[in-house]
Protein chains: 2
Amino acid sequence: MARRSEHSKEQIREMALAAAEDIVEADGLAGLSARKIAKQIGYTVGTLYLVFRNLDDLVLHVNARTLDALFAKIQDSLHKCRTPRTCVLAMGRAYVDFATENPKRWNMVFEHQLAEGEEVPYWFADKVNMMFQLVQLQLTPLLESQTEKKIDLVSKTIWCGVHGICSLAVTGKLDISDAESIHVLTDSLINNYLAGMATTLKGE
Amino acid sequence: MARRSEHSKEQIREMALAAAEDIVEADGLAGLSARKIAKQIGYTVGTLYLVFRNLDDLVLHVNARTLDALFAKIQDSLHKCRTPRTCVLAMGRAYVDFATENPKRWNMVFEHQLAEGEEVPYWFADKVNMMFQLVQLQLTPLLESQTEKKIDLVSKTIWCGVHGICSLAVTGKLDISDAESIHVLTDSLINNYLAGMATTLKGE
DNA sequence: ACCTGAACACCGTTCAAGT
DNA sequence: ACCTGAACACCGTTCAAGT
């Protein structure tokens, strides 16, 4: 066989990632396999290993795209807010909305774990950190007198909290699943945490 | 072959669950397989299917044990606290400690997802709800004037938040992983959320 | 009655061989 | 140079057949 250069390596990569996204959107990470991807793009399994190190590597790249889309959506949400508090609320809502609109893909980002020895590559860790920085940026005006370390703590606490609510809701471990009901929890978390923060700072 | 009743069905179940726990503790859910369990208990794969519906069913039972152990640990933590706030803090710390001490088993509880059509059995959902009720029980004195629905919202928000911090930390998605550093986040979440709650109630 | 072992339909990954 | 296809070592699940 060996069809000759119908597609460049870059094209095959692209096709494989798109096919993987389709399969995950339909059947989740559990439904994904190298053989299915290969079949969908009209190549043999072996070809995938010319273009990705292994399946973990491929999944990592799908997840990177998911994080990019999520980041864009959260950044967008910042156009319709004015105060730090309402901006963090908007970001929380954008996060929840993305997760409920793309549950399988969003879920895969957190479900997937690398094998014991493997390190998350720097370009992936960067994408995660950019999300936290977006939260930090909003909170800084509220915490001007605070150390960088404290601002980091506050951002992480809020964002992990929002993530926890979202995560348990989307995977059906809460008895809640529509976006509106989830917003009630994330709003409550952000509003009360920030209100508590304010009284603590005043009392200092 | 066909060894005759060396063990009762109950005993085989027990042996299989214990073996599965061992394997998960060592290699996580990804390292678990029916064939490995069978080998470790000296039976053939087929035998497992005489005693469990399938591997998902077996995992569900391992997870149930993990939740039981977690519940016991959290309940224990309530002996060394006096106020609602310090009790919730103690529970949060107990949760984080359990997760960092048994990362692989704790992780499997949330990593594992049933196939599309499958419903989480009631006896499993019950165990999850008992955890939330333990939090609710502590918070009720703080929220006496509130509706049951509101108390439910507050408990879920706090507990999901604690879970989110724990989850991202234990799976290495934060740059934090020792229990002490995680406690700083969960304490911050609980203290500030409750403080914010208090000012909101006063303002009503 | 209790358990086996072989079979079936799947996996991820590699790599000699074909064009 | 590019890609194949067969091989290897694994899966979960079933079920006729053995004792």
Side-chain angles (χ1 to χ4, degrees), chain A residues 1-17 19-24 26-63 108 111-118, chain B residues 1-17 19-24 26-63 108 111-118:
Chain A
M1 298 286 155
R3 100 185 60 191
R4 183 96 109 291
S5 324
E6 264 186 42
H7 304 280
S8 70
K9 276 201 175 185
E10 240 7 274
Q11 282 176 313
I12 296 178
R13 262 182 92 86
E14 182 56 37
M15 289 160 66
L17 290 175
E21 273 173 352
D22 274 7
I23 297 167
V24 170
D27 301 321
L29 174 57
L32 189 68
S33 83
R35 284 172 154 96
K36 275 193 204 165
I37 296 169
K39 195 173 184 180
Q40 201 161 112
I41 66 172
Y43 279 84
T44 339
V45 230
T47 303
L48 288 178
Y49 289 81
L50 266 46
V51 159
F52 294 99
R53 220 160 39 80
N54 53 32
L55 204 68
D56 267 2
D57 184 34
L58 189 153
V59 169
L60 220 50
H61 281 89
V62 175
N63 284 346
M108 186 166 80
E111 196 182 347
H112 180 249
Q113 268 152 268
L114 293 176
E116 201 76 19
E118 300 291 307
Chain B
M1 299 287 158
R3 98 185 62 190
R4 183 96 109 288
S5 327
E6 264 186 42
H7 304 279
S8 70
K9 276 199 174 184
E10 241 5 276
Q11 283 175 311
I12 295 178
R13 263 180 92 84
E14 182 56 36
M15 288 159 66
L17 290 175
E21 273 173 352
D22 273 7
I23 295 167
V24 170
D27 301 320
L29 175 56
L32 188 69
S33 84
R35 285 174 154 96
K36 275 192 205 166
I37 297 168
K39 194 172 184 181
Q40 199 160 117
I41 66 173
Y43 279 83
T44 338
V45 230
T47 304
L48 287 178
Y49 290 81
L50 266 46
V51 159
F52 294 99
R53 224 163 35 80
N54 52 32
L55 205 67
D56 267 1
D57 184 34
L58 189 152
V59 168
L60 221 51
H61 281 88
V62 175
N63 283 347
M108 187 166 80
E111 196 182 348
H112 181 249
Q113 268 151 269
L114 293 176
E116 202 75 20
E118 301 290 309

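Within every chain, numbering begins at 1; the chains are lettered A, B, ... in the order of the sequence lines, protein sequences first and strands thereafter.
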Please report, rounded to the nearest Å, how far the C1' atom of dT4(C) is from the CG atom of Leu48(B). 13 Å

Check whether any side-chain N or O of Arg13(B) sits under 3.5 Å from a backbone N or O of Val51(B) as a donor-acceptor pair, and report yes or no. yes

Go nucleotide by nucleotide along DNA chain D from the 5' end; which of Leu50(B) and Gly46(A) gets its closest nucleotide reached first? Gly46(A)

Using modelled atom types only, decide if a donor and an acceptor are shared between the side chain of Ser8(A) and the backbone of Gln11(A) within a distance under 3.5 Å. yes

Here the distance between atom C1' of dT4(D) and atom CZ of Arg35(A), to the nearest Å, is 13 Å

Sub-4.5 Å side-chain heavy-atom contact between Asp57(B) and His61(B): yes

Rounded to the Å, how far apart are Asp57(B) CG and dT13(D) P? 10 Å

Close side-chain approach of Leu17(A) to Phe52(A), heavy-atom, < 4.5 Å: yes

Show the nearest heavy-atom pair for residues Gly31(A) and Ile23(A), with the distance to one decimal. O-CG2, 3.6 Å

Have a look at Thr44(B) and say if it touches a base, only the backbone sugar-phosphate, or nothing, with a 4.0 Å heavy-atom cut-off. base

Tyr49(A) side chain, from C-beta outward: closest of dG12(C), dG12(D), dC3(C): dG12(C)

Under 4.0 Å, counting only non-hydrogen atoms across every strand here, what does Thr47(B) touch: a base, just sugar-phosphate, or nothing? base

Taking any heavy-atom pair under 4.0 Å as a contact, classify Lys9(B): base, sugar-phosphate, or nothing. nothing

Strictly by Watson-Crick or wobble contacts shorter than 3.5 Å, is anything paired with dG5(C), and which nucleotide is it? dC15(D)

Nearest listed nucleotide, side chain of Ile12(A), among dC3(C), dG12(C), dC3(D): dC3(D)

Spacing of Ile37(B) atom CD1 relative to dT13(D) atom P, expressed in whole Å: 11 Å

Tell me the interatomic distance from Leu32(A), atom CG, to dC10(C), atom C1', rounded to whole angstroms. 14 Å

Take atom NE2 of His7(A) and atom C1' of dC2(D), then tell me their distance rounded to the nearest Å. 13 Å

Indicate whether OP1 or OP2 belonging to dC3(D) is found under 4.0 Å from a side-chain N or O atom of Tyr43(A). yes

When rounded to whole Å, the NZ to C1' distance for the pair Lys39(B) and dG12(D) reads 17 Å

Taking a pair to mean Watson-Crick or G-U wobble geometry with both distances below 3.5 Å, dC10(D) pairs with none

Send over the distance from Lys36(B) NZ to dA9(D) C1', rounded to a whole Å. 13 Å

